[in-house]
Amino acid sequence: MRIFFILLKKEIKEMLTIPLIVSLVAVLFVFYMIGSVVGKQNKTSAARNNVVVLDFDKSGLSKRIIKSLTDGEYIVKDASSGNLLDAFSNHEYEEESFFMVIPKGLERDFNLEKKHTIEIYARFNKNLSGYSSSYSASKIRKGIERINKDLGVHIIEKKFPLANVEFIKNPVLMEEFVVIGDSIARVSVKRVLLFVHSQTYFFPIAVFFLVFMAAQMIMTAVAGEKENKTLETLLSSPIDRRILVISKLSAAAIVAALLSGGYMFGMRSFMSGIMGQKTAGIALSAQDAFVKLGLIMGPADYLMIGVSLLFCILCALVIALILGVLSEDVKSVGATMTPLMMLIMISYLLPMFIDIGRASFVVKLLLYSIPFTHAFIAPQNILAHNHAAVMWGIVYQAVIFAIFVTIAGKIFSGEALLTFKLRFGKSK
Amino acid sequence: MSKVCNILPMSAVNVLNLVKKYKDFEAVKGLSFDIKEREIFALVGPNGVGKSTTLKMLSTILSPTGGSVEIFGLDIVKDSKEIRKIISYLPEEAGAYKTLTGYEYLRFMASIFFRDKKQVLKTVEYGAEICGLKDKLKDKVKTYSKGMTRKLLLSRAVMIKPRFAILDEPTSGLDILNSFEIRKIIKQLAKDGMTVLLSSHNMFEIEFLSDRLGIMNNGKLLACGAPRDLKEKFSTNDLEEVFIKLIQ
């Protein structure tokens with residue numbers, strides 16, 4: 001154990017360099033800065049509920065339409081004194097993106113039950129960037145729905161003064177239920193999906209960062225030792241070669257966990273800046289339903305996810321260790337890492353876009369045979385009460401880890417460590 | 001079996017008909033020589049003749065394809081773990097861990113060999129004395145010149161006082177002053193009781209340092225003996241001429 005800690009300390013010191021820490025701090029700062037700027041900007045965009053109205057009808061109906069908008073917390077700016085082009089070019093409205101034209105004769109045609117058109121103009125900003133345009137589109141759609149609903153009520157009130165308007169508006173009450181495993185709860189699907197998304201969004205990103213960084217570090221460490229010939233010095237010393245392997249794996253896992261934690265912290269501030277309190281509000285309002293559905297993870301669930309993640313990292317580390325041995329020098333690490341990167345990318349990206357349960361046999365085989373997939377999908381499986389899938393995933397990961405550790409052990413105990421070489425391009 | 005060198009059974013190191021093959025390439029072809037205790041033995045020859053491969057086999061990091069090597073009575077294949085406790089190997093153009101200071105590097109290497117903290121400290125102090133880097137030992141290795149790094153590595157290799165030191169091109173790429181200092185250190189270590197095997201293609205260095213030498217070409221030993229004996233045998237005043245005559 002003494003030698004293990006001596007080697008571990010040395011490995012961590014080698015891996016956790018000042019440039020690496022500086023780059024981490026810089027990334028954290030950029031994440032935080034972008035998150036807070038985007039958050040503020042989006043809040044400002046979301047808060048802009050302005051509608052520039054050109055009311056050419058000046059009737060009771062047009063006033064009702066405008067009132068419907070103001071009741072819906074829209075700020076109505078009246079530009080009826082000029083035409084639409086004047087409104088577009090007017091400096092007062094240069095920041096506005098929502099323009100509404102109420103045409104002359106609207107009330108008259110309405111009373112004659114003739115359809116008339118209210119024109120809506122959505123003006124994009126000059127570079128089509130950011131979220132402002134999508135906010136505008138959403139507001140316009142909601143505004144139109146509001147006006148139509150209100151005009152519908154107006155017609156009913158006018159034609160059937162004794163009618164129960166509220167009943168006609170919603171003759172059937174709809175209730176949504178969500179079923180997960182044996183649990184049923186009254187809650188909207190949208191809320192559940194948003195909650196599940198908020199619970200599982202960061203996890204694959206964290207796993208990706210963690211696995212990628214750990215793999216890269218251990219490969220660089222091994223290739224660097226080969227290049228520097230420090231490995232030859234260690235191999236000719238009385239160090240047990242198994243301890244040499246374990247210390248490298250442990251150091252890479254520790255440093256990667258630290259860096260990944262840092263990246264996740266930055267990513268979280270970035271995402272919370274963008275998403276704000278949206279998901280937090282949803283979680284609070286439907287807490288009981290989520291508990292009933294078993295969506296609130298307990299310590300045992302976190303433990304299972306943790307074990308799956310641990311084996312995922314260990315598998316990546318031991319494969320990276322073998323690939324590091326194949327690297328001729330530090331420069332060739334990038335190329336040698338490609339097979340591992342491909343596996344990580346497949347297991348990270350595919351489950352984001354496809355439903356594995358409904359995928360073809362070949363896709364399922366591909367995904368489940370990659371040990372990293374089991375960690376990426378562990379939270380979803382836990383939330384879906386599919387604990388068995390997580391357990392089998394862990395067993396599979398452990399088997400893969402054992403196989404690769406045996407291979408790595410054989411490589412480190414023999415001379416292959418020094419004679420194995422993958423060359424890219426011209427050989428010397 | 002090669003008859004170039006007379007092998008004495010009581011020698012510190014006995015190399016007998018040593019062979020190393022890599023797929024279709026035979027790097028070492030039946031090498032035999034011995035090294036007496038406290039002797040400096042040099043393997044001489046141009047690049048790529050199998051010197052480093054031989055040294056790596058004696059350091060237990062490469063396995064021989066054929067033949068045998070005994071170091072102080074221990075077999076390099078069967079007793080590799082025991083051998084690693086009594087040898088020290090300095091690879092050619094090796095580096096040290098750049099993020100460590102010179103002092104930290106010496107302490108790290110001493111800790112591998114010794115459990116007792118006092119012994120570690122004593123070993124590091126000895127290493128510091130040998131390399132003569134003084135206050136520079138507090139600086140990171142990445143700030144060292146090539147000569148400083150080589151001195152640090154040499155002191156690392158010998159500070160543990162191994163019974164047998166294997167030094168691959170100890171002065172390779174160094175300037176005159178640094179080479180001179182390192183040669184002096186090696187000479188003193190042998191006087192103090194260390195058995196040394198080194199490789200070089202610098203004939204001047206070999207003549208200055210070695211008690212005996214083996215001249216290698218194409219994985220084979222062409223001649224073996226004390227520098228003076230070889231020069232006499234080939235009727236020349238220069239080891240380089242001996243080498244050229246042997247190759248021709």
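By convention in this document, chain letters (A, B, ...) are assigned in the order of the sequence lines, proteins followed by strands, and residues within each chain are numbered from 1.
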Please report the interatomic distance CE(B:M109) to CD1(A:I6), rounded to the nearest 0.5 Å. 11.0 Å
So CG of B:L100 and CD of A:E14: to nearest 0.5 Å the spacing works out to 5.5 Å
Checking A:R2 side chain against B:S111 main chain: does a donor-acceptor pair fall under 3.5 Å? yes
Geometric cation-pi criterion A:K13 and B:Y97, 6.0 Å radius, 45° cone: no
Choice from A:L7, A:I18, A:I3, A:T233 maximising heavy atom contacts with chain B below 4.5 Å: A:T233
Could you have a look at A:E227, A:K10, A:K229 and say which one has the most heavy-atom pairs with chain B under 4.5 angstrom? A:K10
Take atom CE of A:M345 as the centre, draw a 6.0 Å sphere, and report whether it contains more than 12 heavy atoms from other residues, nucleotides or ligands. no
What verdict does the side chain to side chain contact (heavy atoms under 4.5 Å, CB included) test give for A:M15 and B:T99, after you've listed the backbone C-alpha separation in whole Å, the side-chain angles of each residue and the deciding distance to 0.1 Å? CA-CA 9 Å; A:M15 289 174 189; B:T99 53; over 6 Å; no
Does the distance from a Lys or Arg side-chain N to an Asp or Glu carboxylate O, for A:K9 and B:E104, drop under 4.0 Å? no
Among residues 60-68 of chain B, which ones touch chain A with a heavy-atom distance under 4.5 Å? B:T60, B:I61, B:L62, B:S63
Other residues, nucleotides and ligands only: do more than 12 of their heavy atoms fall within 6.0 Å of NZ on B:K98? no
By a 4.5 Å heavy-atom criterion (distance strictly below it), what part of B:K56 contacts chain A: side chain, backbone, both, or neither? side chain
Residues in residues 240-249 of chain A that sit under 4.5 Å from chain B, counting heavy atoms only: A:R241
Is the number of heavy atoms from other residues, nucleotides or ligands under 6.0 Å of A:M342 CE greater than 12? no
How about B:Y22: does its OH atom have over 12 heavy atoms from other parts shown lying under 6.0 Å from it? yes
Could you pull out all residues at least two apart from A:F376 that satisfy ring-ring contact (aromatic ring centres under 6.0 Å, His included)? A:Y348
Closest approach of A:S236 and B:S59, non-hydrogen atoms and distance? CB-O, 3.6 Å
Relative to chain A, which segment of B:A96 carries a heavy atom at a distance below 4.5 Å: side chain, backbone, both, or neither? backbone
B:R115 versus chain A, heavy atoms under 4.5 Å apart: side chain, backbone, both or neither? both
In residues 78-91 of chain B, which residues are in contact with chain A at a heavy-atom separation under 4.5 Å? B:R84, B:K85, B:I87, B:Y89, B:P91
